Amino acid sequence: MTAQLIDGKAIAASIKEDLKAQVAALASPPGLATVLVGEDPASHTYIRSKHRLCAELGMQSMHHQLPADATQEQVEAVIAELAVDPAVHGILVQLPLPAHLDEERVLARVPLEKDVDGFHPINVGRLAMKGRRPEFVPCTPAGCMRLLERAGVPLRGARAVVVGRSNIVGLPMALLLNHADATVTIVHSRTVGLEEILRQADIVVAAIGKANFIRGEQLKPGCCVIDVGINRTEAGLVGDVHFDSVKEVAGQVTPVPGGVGPMTLIMLMENTLKAAQKSFQVRELQPGGAG
Ligand code: NDP
């Protein structure tokens, strides 16, 4: 079997056109503020691509750079400023933060309505609960869900296995699949019997951070595989999935690069646009507002 490719680049490009039109229809542009503590080169690259995409969409973006030894108070002061800036609709704190900073306290400072990364503890709590709606869903799992939807993968009643339980990918991904009525198993580094669990999965989401970790021989024929991993190897960028063996067994698979990566970025833009639209609506409803 040769799996059908789920082309994240093409899907993100079509969403981009839609977002561009929505941005153009607004009276003033949505604004995204990024905050980076320290000089991690990979983080700089991610931030640059976010700003580039904002410009392409007609959105504003501003960057706040803090030194690697910035104090908790300094970081929180920057967020407090952005929290009250009416030109800023979304605030993105690039993770991970240096170890001396309290990440939870920093993220909790981002107002719920500007939490376009979806990592505010209240948004995460709402995502975990039945019948509650977070203001924003974390971008990578939201992008994976959109890929599944666009690829027409049935979710209700499907057996889904999420490999990885991180706060930014694995855990919210499992929660979203659960909300979509899949039967979800979370697998992690202490799981016993990984192979047996994988072989039952209709949907596999790999978010491990280990190059080529999941192989075709481990999978149920015809399953759908979403590869979140980004691993830099001598052979170039590869996922957590061994693409060549997986494509012979799976029914559908995302490539790396060009799968989940572009979706993460475009979901951030969609969240920022949504934040701006909501803020403009609130302003219109206020006494003396435009409406
Ligand atoms: P983390 O390191 O935070 O989490 C990795 C998870 O994998 C952990 O839950 C860990 O288990 C689990 N794991 C590690 N080894 C094994 C194993 N042998 N068997 C089963 N599970 C294992 O990584 P992230 O979630 O942040 O990222 C995962 C990958 O996704 C990375 O490659 C990252 O670069 C990529 N990524 C891609 C994005 C994109 O836009 N495409 C965005 C974000 C991340 P335990 O909890 O027990 O330690």
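What you are looking at is a predicted structure, and each value in this text was computed from that prediction instead of being measured. For ligands, and for the atoms within them, numbers begin at 1 and follow the listed sequence. In this chain, numbering begins with 1 at the start of the sequence shown.
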Neighbour count >12 (heavy atoms, 6.0 Å) for atom CZ, Arg159: no
Under 6.0 Å from the NZ atom of Lys278, do we count more than 12 heavy atoms belonging to anything else shown? yes
Proximal ligand 1 atoms for Thr264, defined as those under 4.0 Å from one of its heavy atoms: 39 (C), 40 (O)
Are the charged groups of Glu270 and Lys274 less than 4.0 angstrom apart, N to O? no
Shortest non-hydrogen pair, Thr272 vs Gly90, comes out as CG2-N, 4.4 Å
I need the atoms of ligand 1 closer than 4.0 Å to a non-hydrogen atom of Ile168, numbered in the order shown. 26 (O)
For a side chain to side chain contact (heavy atoms under 4.5 Å, CB included) check, start with the C-alpha distance between Arg165 and Arg190, then their side-chain angles and the critical distance, and finish with the verdict. CA-CA 11 Å; Arg165 56 176 167 181; Arg190 305 281 187 269; 4.2 Å; yes
Which of the atoms of ligand 1 are close to Gly209, meaning less than 4.0 Å from one of its heavy atoms? 28 (C), 29 (C), 31 (C), 32 (O)
So which of Pro257, Gly259, Ser189 gets nearest to atom 22 (C) of ligand 1, if we judge by its closest heavy atom? Ser189
of all protein heavy atoms, closest to atom 44 (C) of ligand 1 is Val169 CG2, 3.9 Å
Taking only heavy atoms of Gly261 into account, list the atoms of ligand 1 that are under 4.0 Å away from them. 40 (O), 41 (N)
Which residue owns the protein heavy atom closest to atom 24 (P) of ligand 1, what's the atom, and how far is it? Ser166 OG, 3.7 Å
Taking the six-membered ring for Trp, are the ring centroids of His120 and Phe136 within less than 6.0 Å of each other? no
Do Ser245 and Glu217 touch side chain to side chain, with heavy atoms closer than 4.5 Å? yes
Considering heavy atoms of the protein only, find what lies nearest to atom 37 (C) of ligand 1 and give residue, atom and distance to 0.1 Å. Val228 O, 3.1 Å
Taking atom 13 (N) of ligand 1 as the reference point, the nearest protein heavy atom with its distance: Ile208 CG2, 3.6 Å
For atom 34 (O) of ligand 1, closest protein heavy-atom neighbour: Ile230 O, 3.5 Å
Would you indicate which of Arg165, His188, Met173, Met267 comes nearest to atom 8 (C) of ligand 1 when only heavy atoms are counted? Arg165
Please indicate whether Arg132 has more than 12 foreign heavy atoms, meaning atoms of other residues, nucleotides or ligands, lying under 6.0 Å from its CZ. no
Report the part of Met263 (side chain from C-beta onward, or backbone N, CA, C, O) that has a heavy atom under 4.0 Å from ligand 1; answer both or neither where that applies. neither
Check this for me, if you would: do Glu56 and Lys16 make a salt bridge, where the nitrogen-to-carboxylate-oxygen distance has to be below 4.0 angstrom? yes
Which residue holds the protein heavy atom closest to atom 19 (N) of ligand 1, what is that atom called, and what is the gap in Å? Phe213 CZ, 3.6 Å
Identify the protein heavy atom lying closest to atom 28 (C) of ligand 1, giving its residue, its atom name and the separation to 0.1 Å. Ala207 C, 3.5 Å
Out of curiosity, is Val260 lining ligand 1, as in a heavy atom under 4.0 Å away? yes
Pair Gln200-Val161, side chain to side chain contact (heavy atoms under 4.5 Å, CB included): steps then yes or no: CA-CA 9 Å; Gln200 294 184 11; Val161 171; over 6 Å; no
Which residue and atom name correspond to the protein heavy atom nearest atom 42 (C) of ligand 1, and how close is it? Thr140 OG1, 3.3 Å
